[in-house]
> 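Got a structure for you, written out below as structure tokens; questions coming shortly.
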Number of protein chains: 2
Amino acid sequence: MAKVQFDRQTVLDKATSLFWRVGYSATSMQALFEVTGLKPGSVYLAFGNKEGLFKESIDFYAQSSITNLKNKFNQKQGVEQTICEILLSFVEESAQAGYCSCFLLKSQLELDEQSDLREYISSYLATIEGIYTEQLSTLYSEDEAKQKAASIMLHIFGLRVYGYHSNSEAQIVNGLRLGLHWLPWSNFDH
Amino acid sequence: MAKVQFDRQTVLDKATSLFWRVGYSATSMQALFEVTGLKPGSVYLAFGNKEGLFKESIDFYAQSSITNLKNKFNQKQGVEQTICEILLSFVEESAQAGYCSCFLLKSQLELDEQSDLREYISSYLATIEGIYTEQLSTLYSEDEAKQKAASIMLHIFGLRVYGYHSNSEAQIVNGLRLGLHWLPWSNFDH
DNA sequence: CAATAAATTGAATGTTTGTTCAAAAAATAA
DNA sequence: TTATTTTTTGAACAAACATTCAATTTATTG
């Protein structure tokens, strides 16, 4: 059997960027052919159809996000300090040119009610929340860890929307400090 | 001159519902003709094009939301109690079948970076934040009112995303209570 | 009642959409 | 090398897309 000749990761990286920025519906196959350099037949052989390519793009993004998150917690600073760092890095991200919010969040909101993909994305978001819960449960009771994780997710979703339209980094950080007052923000003063 | 014969408000109401649920890109003119009962020519005469109809739908939704919000504050309970009620009503909304998040939020995230509509929607969101700030400044200093309003907006955005995929009302309420601990939630215990 | 102006109609426009497929090329296996 | 399998190619497809417009209907004006 002949070897796959295009690099799947490279193609997925480019497709993900386009889907992320433009959205599922507004991204045409034509545009995907151009950005990936593949011809129709290759894409359809490798991914089935547009939805298949999109699903793999979601996987690509989500798995990378989850790996990244786990790595940050494994750097063995305090859990809460790490959470502060993560949130502040999200704020920083949101201030950059071409900021596209979070691919999972955007896709979740765009997808139709009866699409299986919506559930699929939900489970990735639940996995992420689970990581926060797990980490916090080293410091708090299970109930408290769950509540705090829910509060963190609310803030993450919030800032990924807020950061999309407002340019005031400082305002977001103030909002985070107020809402997540139990985190060690003082370590980040200067 | 002949009178406009279709009821503009009715048409906008129906168009808004469709755009809100399905999104801008995925909503076809065909579907809009069907849902409004109008023929192509009528829509194009009255609204110019798809984007024109969408913009008026945004206006329709935003103005109604803003009026609604102001009314709630004019009922003259305490400001903070009113805010709790608003947030809890959003949570309740999110638990209902066919929940579509917030039309402004969804559209904001869907629209392309260089679309004028994105700024347009941003200014509506800023207006809403301004109302919270204004109300809170009757109780707090300007700086504190702004910070609290930002925190409220973060939570509203957060719950309108969180509520889209999670079915646990209780978890969201817990998150709100923790993050917005300075609000009089105790009035809502029973 | 005409005369005039505006709104409605629905067929038709030319693109763009996602997808297919037979032929060609490339890679592996014998 | 030859035979076999897999990938790539790019033209072609029907369906759906947003939009237009001349003809018709409806409403207002004089």
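Just so we're on the same page: letters track the sequence lines, and every chain starts at 1.
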> Does a side chain donor of either A/Gln75 or A/Thr82 reach within less than 3.5 Å of an acceptor in the other side chain?
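There is no such pair (donor and acceptor under 3.5 Å, judged by atom type) between the side chains of A/Gln75 and A/Thr82.
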> Compare side-chain N and O positions of A/Tyr44 against OP1 and OP2 of C/dT20 and report whether any pair is under 4.0 Å apart.
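For C/dT20, OP1/OP2 do not have a side-chain N/O of A/Tyr44 under 4.0 Å.
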> How many whole angstroms separate atom NZ of B/Lys39 from atom C1' of C/dG10?
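Distance check: B/Lys39 NZ to C/dG10 C1' gives 7 Å.
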> Give the rounded distance in Å between these two atoms: CD of B/Gln30 and P of C/dT17.
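Whole-Å distance recorded here is 18 Å.
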> Going by the angle between their ring planes, with limits at 30° and 60°, are A/His165 and A/Tyr162 parallel, tilted or perpendicular?
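Rings of A/His165 and A/Tyr162: parallel, under 30°.
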> Rounded off to whole Å, could you give me the CE-to-P distance for the A/Met29 and D/dA11 pair?
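So the two atoms are 17 Å apart, to the nearest Å.
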> Mind running a 4.0 Å heavy-atom check of residues 15-28 of chain B against DNA chain D and sending the residues that fall below it, in number order?
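Close to the strand are B/Thr27, B/Ser28.
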> Hey, do the aromatic rings of A/Tyr24 and A/Phe103 have their centres closer than 6.0 Å?
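They do not qualify: ring centres at least 6.0 Å apart.
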> Would you kindly say whether A/Gln147 and A/Glu142 are connected by a side-chain donor-acceptor distance under 3.5 Å?
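A/Gln147 vs A/Glu142: no donor-acceptor pair found between side chains.
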> Check the distance between D/dG10's P and A/Glu34's CD and give it to me in whole angstrom.
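Rounded to whole Å, this separation is 14 Å.
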> Please list residues of residues 48-60 of chain A whose heavy atoms come under 4.0 Å from any atom in DNA chain C, ordered by number; otherwise none.
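Only A/Asn49, A/Lys50 qualify.
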> Which part of the nucleic acid, if any, lies within contact of A/Phe47, taking any heavy atom under 4.0 Å across all strands shown: a base, the sugar-phosphate backbone alone, or nothing?
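Answer is nothing: A/Phe47 stays at 4.0 Å or more from every strand.
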> Between D/dA27 atom P and B/Phe6 atom CZ, what is the distance in whole Å?
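So the two atoms are 14 Å apart, to the nearest Å.
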> Taking CG from A/Leu45 and P from C/dT19, how many angstroms apart are they, rounded to a whole number?
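Rounded to whole Å, this separation is 14 Å.
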> Quick one about B/Gln77 and B/Glu85 (side-chain donor to acceptor, distance below 3.5 Å, no hydrogens or angles considered), yes or no?
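Yes, a side-chain donor-acceptor pair sits under 3.5 Å.
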> Between A/Glu119 and A/Gln108, is there a side-chain donor-acceptor contact under 3.5 Å, judged purely by atom types and distance?
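Judged by distance alone, the side chains do not pair up.
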> Within the structure provided, determine whether A/Ser115 and A/Tyr120 are in side-chain contact (heavy-atom separation under 4.5 Å).
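SC-SC contact between A/Ser115 and A/Tyr120 ruled out.
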> Let me know the distance between CZ of B/Phe33 and P of D/dC17, rounded to the nearest Å.
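Between P of D/dC17 and CZ of B/Phe33: 11 Å.
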> If you only use heavy atoms from C-beta on, which nucleotide in D/dT20, D/dT9, C/dT8 is closest to the side chain of A/Ser42?
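The listed nucleotide nearest to A/Ser42's side chain is D/dT9.
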> Is there a path from A/Phe188 to A/Val173 through hydrophobic residues (I, L, V, M, F, W, Y) whose side chains come within less than 4.5 Å of each other?
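Linked, A/Phe188 and A/Val173 end up in one cluster.
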> Side-chain polar contacts of residues 149-161 of chain A - donor-acceptor pairs under 3.5 angstrom, sequence neighbours left out - could you list them?
| unit_1 | atom_1 | unit_2 | atom_2 | d |
| --- | --- | --- | --- | --- |
| A/His155 | ND1 | A/Ser151 | O | 2.8 |
| A/Arg160 | NE | A/Tyr99 | OH | 3.3 |
| A/Arg160 | NH2 | A/Glu93 | OE1 | 2.7 |

